[in-house]
Amino acid sequence: MSFRPDLFKEKTVVVIGGTSGIGAAAASAFAELGADVHVAGLNAGSPQAPAGSRAP
């Protein structure tokens, strides 16, 4: 399925448990769609944290 790249432009998304696995994939997908993504999880320094994410 394809979405327009600015679908979440000027929107904020908070992903709980976003430092690995499905949460990291969701955070990356939201970021690719233009969202301002904030990630919270137990592994804030995780090397798997999505690009563009912010540690709490």
Side-chain angles (χ1 to χ4, degrees):
M1 185 174 265
S2 179
F3 298 100
R4 61 179 206 272
D6 64 345
L7 183 63
F8 286 93
K9 183 179 181 183
E10 298 181 16
K11 303 291 184 187
T12 300
V13 175
V14 177
V15 180
I16 307 300
T19 56
S20 65
I22 293 171
S28 293
F30 281 119
E32 288 177 14
L33 294 173
D36 181 22
V37 180
H38 298 267
V39 176
L42 295 177
N43 300 319
S46 171
Q48 296 179 26
S53 64
R54 299 180 189 160

Tell me which pairs pass salt bridge (charged side-chain N to carboxylate O under 4.0 Å, His left out) where either residue lies in residues 5-16, with sequence neighbours left out.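 Residue pairs with at least one partner in residues 5-16: Arg4-Asp6.
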Should Leu42 and Thr19 count as side-chain neighbours, where that means a heavy-atom distance under 4.5 Å?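 Answer no - side chains too far apart.
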Residues sharing Ile16's hydrophobic cluster, by side-chain heavy-atom contacts under 4.5 Å among ILVMFWY, directly or via others?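 Other cluster members: Val14.
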Considering all heavy atoms, the nearest Val37-Val15 contact: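 Minimum heavy-atom separation between Val37 and Val15: CG1-CG2, 4.3 Å.
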Roughly how far, to the nearest 0.5 Å, is CZ of Phe30 from CG of Leu7?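 These two atoms lie 9.0 Å from each other.
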